[in-house]
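What follows is a set of notes on a single structure, which appears directly below.
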Amino acid sequence: MVENIIWPAYLDADRSRSDGRRVAESLAVESPTVDEIAKAVQQVGCDAIIERDQAYPRRPWAADGRVLVQGADDASKSDLVQAVAAYVQALRE
C-alpha cells in the first residue's frame, strides 16, 4: 500500500511555488488546516491519518502537521493533491 503525505503548505495560497505550494493559485486556499485536508481526503475516497506534531521541512519552526493518505494506489500524488485542493475549496464555500 502506498502512503502519500499532504502538507498544508501544498494548498496554501500565501505561499509561492518555490515555497512549497503544489496547486494553482485558483485552487489554493488561505491557511489550510490538517482537519480540512483530512475531510477532503476522505471525500476523495482514501483513508487519512493526521499527524499534528510534524513540521514541514522548509519551516521546521512551525509544526502545522501533515496528513498521511492511504489507499490512493491508482492516482498519482499530483492528481491526489489537486483533488484534495478542490474539495478543501468546496468545504470553505
Side-chain angles (χ1 to χ4, degrees):
M1 181 176 358
V2 176
E3 278 189 351
N4 286 302
I5 295 172
I6 299 180
W7 297 94
Y10 291 177
L11 312 176
D12 196 344
D14 295 330
R15 291 179 173 264
S16 65
R17 290 268 188 174
S18 63
D19 285 336
R21 183 173 43 84
R22 290 198 176 188
V23 297
E25 284 188 65
S26 60
L27 286 176
V29 295
E30 288 186 25
S31 302
T33 65
V34 289
D35 294 320
E36 290 174 322
I37 294 170
K39 285 180 187 176
V41 166
Q42 291 170 346
Q43 290 291 323
V44 172
C46 301
D47 295 326
I49 299 170
I50 297 174
E51 294 183 338
R52 295 184 191 281
D53 60 340
Q54 298 295 315
Y56 187 59
R58 294 184 187 174
R59 289 183 59 192
W61 64 89
D64 297 333
R66 68 181 183 183
V67 177
L68 291 177
V69 181
Q70 298 176 332
D73 297 334
D74 58 341
S76 69
K77 184 168 184 172
S78 178
D79 291 341
L80 176 64
V81 172
Q82 299 290 326
V84 168
Y87 275 108
V88 169
Q89 197 173 52
L91 286 171
R92 291 213 174 168
E93 291 178 356

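Note that the structure is a prediction, hence the values are computed from the model and not measured.
- Checking side-chain atoms of Gln70 against main-chain N and O of Ile49 turns up no donor-acceptor pair under 3.5 Å.
- Closest approach of Asp64 and Val34 over heavy atoms only: O-CG1, 3.6 Å.
- Taking 4.5 Å as the limit, every side-chain heavy atom of Pro8 sits out of range of all side-chain heavy atoms of Thr33.
- Residue-environment remark: NZ (Lys39) stays at or below the threshold of 12 foreign heavy atoms within 6.0 Å.
- No side-chain donor-acceptor contact under 3.5 Å links Arg66 to the backbone of Ile5.
- Shown here for Ala48 and Val67, the closest heavy-atom pair between the two residues is CB-CG1, 3.8 Å.
- When the side chain to side chain donor-acceptor pair (under 3.5 Å) test is applied to Asp35, the partners found at least two apart in sequence or on another chain are Arg52.
- Counting only N and O atoms by type, the side chains of Ser18 and Ser16 include a donor and acceptor under 3.5 Å apart.
- The minimum heavy-atom distance between Gly71 and Cys46, with the atom names listed, is O-SG, 3.8 Å.
- What you find for Asp53 and Ala63 is that their closest heavy atoms are O-CB, 4.1 Å.
- Leu91 and Val81 fall into different hydrophobic clusters, defined by Ile, Leu, Val, Met, Phe, Trp and Tyr side-chain heavy atoms under 4.5 Å apart, directly or through other members.
- Closest non-hydrogen pair, Ser31 versus Arg92, comes out as O-NH2, 3.0 Å.
- In terms of heavy atoms, Gln89 sits closest to Ala28 at NE2-O, 4.1 Å.
- In this structure, Arg22 contributes its side chain and Ile6 its backbone to no donor-acceptor pair below 3.5 Å.
- Among pairs with a residue in residues 11-56, those fulfilling ring pair (Phe, Tyr, Trp, His ring centres under 6.0 Å) read Trp7-Tyr56, at least two apart in sequence or across chains.
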